[in-house]
Amino acid sequence: MQDFLNFLILGLTRGSLYALIALGYTLVYGVLQLINFAHSEVFMSGAFGSYLVVNSVVEDGSRPPWYGVLAVIILGLTSGGLVGAGVAWCLERVAYRPLRRRGAPKLAFLISAIGASFFLSQLFGKLFNRLNNNNFPSFFDQNKHVVQIGGVYITLMQAIIMVSALIMMVFLDSLVSRTKLGRSIRAVAEDAPTAALMGVNIDKTISRTFVIGGFLGGAAGYLYGSALFFSNTMGFIPGVKAFAAAVLGGIGNIRGAMLGGLLLGVVEATVPTAPWYKPGWIGIEWTDVVAFLVLVLVLVVRPTGILGERLGRAA
């Protein structure tokens, strides 16, 4: 049971990151009915952008007081989110808007997204480095135990990831449900021509949707880079899993993306390591197999995902 709780906490931590990235996929799908496959590089750019800011503020091995640590974490989340939002805005203006205005087929959007993804990955590799083990400066004890549950501890880094993700997801849900911008997003997702007739600026709404999704992806890049590592190729695996999470929860459904991310993280962390047989464990090498097998099984039973599509209501 103690091992299971450890892996459950690990799964919730992973799932929080998947959910943040998945929200970018589901927002763009909601308003444009296409998958932004360059979103994984938006996630990557947030890690590099926040590293430049955090590294300029604190030194590796420094130990500021708790309020200094909190300030640096907020600075890292904000800078990563802003860089991700900026990259997502540029993607919409350069890679998608010209195609949309010309009435290009969906395949053209897909090719443009893949090309933009490769371009950004190689650009950041050229500007910075192509190492796969870049690390943020260590300025606090990430493995410090902060919460104890039944003999299992939640580390400080795990708490930061889960709390930060929860705050941003609740904020996004409120933004889409209760604000004028949220109503515009829901209107464009429901029926863009009719929304335009009602006075909604379609281009501005789509651009802002990209910015919101990019901010969440960039903030997730900072959290991922702080907990593990960052590189110019870091976006591929988390991006694929986040896309799977969005489909699992119901592509186009914000709460579905949140649920799908958390569920996928928990499943891939707990199922492969469960004591299915004596005396051993299946092993973590089955992680990706189990995660995508669950996705396939859910879609066979419910093709629209767990919560289904709610484009006009949840963008």
Side-chain angles (χ1 to χ4, degrees), residues 15-40 42-43 88 91-92 95-97 99-100 105-107 109-110 112-113 165 168-179 181-196 200 202-217 220 238-265 292 294-296 298-315:
S16 299
L17 293 173
Y18 294 159
L20 284 179
I21 306 170
L23 287 169
Y25 286 110
T26 208
L27 280 169
V28 172
Y29 181 86
V31 296
L32 288 181
Q33 299 292 295
L34 63 90
I35 304 299
N36 178 20
F37 281 111
H39 187 63
S40 57
V42 173
F43 162 73
L91 279 172
E92 194 277 328
Y96 297 119
R97 185 174 295 188
L99 297 177
R100 192 173 72 252
K106 296 294 184 182
L107 182 60
F109 286 89
L110 175 62
S112 180
M168 286 187 279
M169 287 188 289
V170 170
F171 176 78
L172 176 65
D173 188 70
S174 299
L175 175 72
V176 173
S177 301
R178 302 178 182 178
T179 66
L181 173 59
R183 288 193 294 272
S184 299
I185 293 173
R186 297 199 309 271
V188 173
E190 181 71 28
D191 191 333
T194 303
V200 177
I202 303 298
D203 286 340
K204 189 174 291 186
T205 300
I206 292 174
S207 181
R208 289 174 178 174
T209 302
F210 270 84
V211 167
I212 294 170
F215 185 92
L216 296 174
V240 170
K241 291 187 177 180
F243 173 63
V247 175
L248 179 64
I251 190 71
N253 188 314
I254 288 179
R255 294 179 182 178
M258 299 176 189
L259 176 63
L262 293 173
L263 181 61
L264 186 66
F292 288 100
V294 169
L295 172 65
V296 172
V298 170
L299 293 181
V300 167
V301 177
R302 188 173 174 83
T304 57
I306 297 174
L307 298 186
E309 297 185 42
R310 296 176 61 200
L311 302 181
R313 294 179 177 268

Please name all residues satisfying side chain to side chain contact (heavy atoms under 4.5 Å, CB included) with [X], sequence neighbours left out, ordered by chain then number.
| X | value |
| --- | --- |
| Lys106 | Gln33 |
| Ala244 | Leu264, Phe292, Leu295 |
| Ile35 | Tyr25, Tyr29, Phe37, Phe243, Ile251 |
| Thr209 | Leu27, Val31, Ile185, Thr205 |

### Task
Could you note down all residue pairs passing salt bridge (charged side-chain N to carboxylate O under 4.0 Å, His left out) where residues 239-253 supplies at least one of them, sequence neighbours left out?
Lys241-Glu268, Lys241-Asp288

If every non-hydrogen atom of [X] is compared with every non-hydrogen atom of [Y], which pair is closest and at what distance?
| X | Y | value |
| --- | --- | --- |
| Ala22 | Ala242 | CB-O, 3.3 Å |
| Arg178 | Arg183 | O-NH1, 3.8 Å |
| Ala220 | Leu17 | O-CD2, 3.9 Å |
| Thr26 | Gly250 | OG1-O, 4.0 Å |
| Ala38 | Leu91 | CB-CD1, 3.8 Å |

### Query
If only atom types and distance count, is the side chain of Ser177 paired as donor or acceptor with the main-chain N or O of Asp173 below 3.5 Å?
yes

### Task
Give a yes or no answer on whether the side chain of His39 reaches the backbone of Gly239 with a donor-acceptor pair at less than 3.5 Å.
no

[Y] side chain reached by [X] side chain, heavy atoms, under 4.5 Å:
| X | Y | answer |
| --- | --- | --- |
| Leu23 | Met168 | no |
| Leu181 | Ile212 | yes |
| Leu32 | Phe210 | yes |
| Arg255 | Leu307 | yes |

### Query
Pick from Leu248, Ile254, Ile306, Asn253: which one makes a side-chain contact (heavy atoms from CB on, under 4.5 Å) with Leu259?
Ile306

What residues form a side chain to side chain donor-acceptor pair (under 3.5 Å) with [X], not counting sequence neighbours?
| X | result |
| --- | --- |
| Thr194 | Asp191 |
| Tyr96 | Asn36 |
| Ser112 | none |

### Summary
Interatomic distance, CG@Leu34 vs CZ@Phe109, rounded to 0.5 Å, equals 6.0 Å

### NZ-OG distance between Lys204 and Ser184, expressed to the nearest 0.5 angstrom
10.5 Å

## Note on the structure
Taken in chain and number order and not counting sequence neighbours, the residues that satisfy ring-ring contact (aromatic ring centres under 6.0 Å, His included) with Tyr18 are none

## Note on the structure
Arg100 meets the salt bridge (charged side-chain N to carboxylate O under 4.0 Å, His left out) criterion, sequence neighbours left out, with Glu92, Asp203

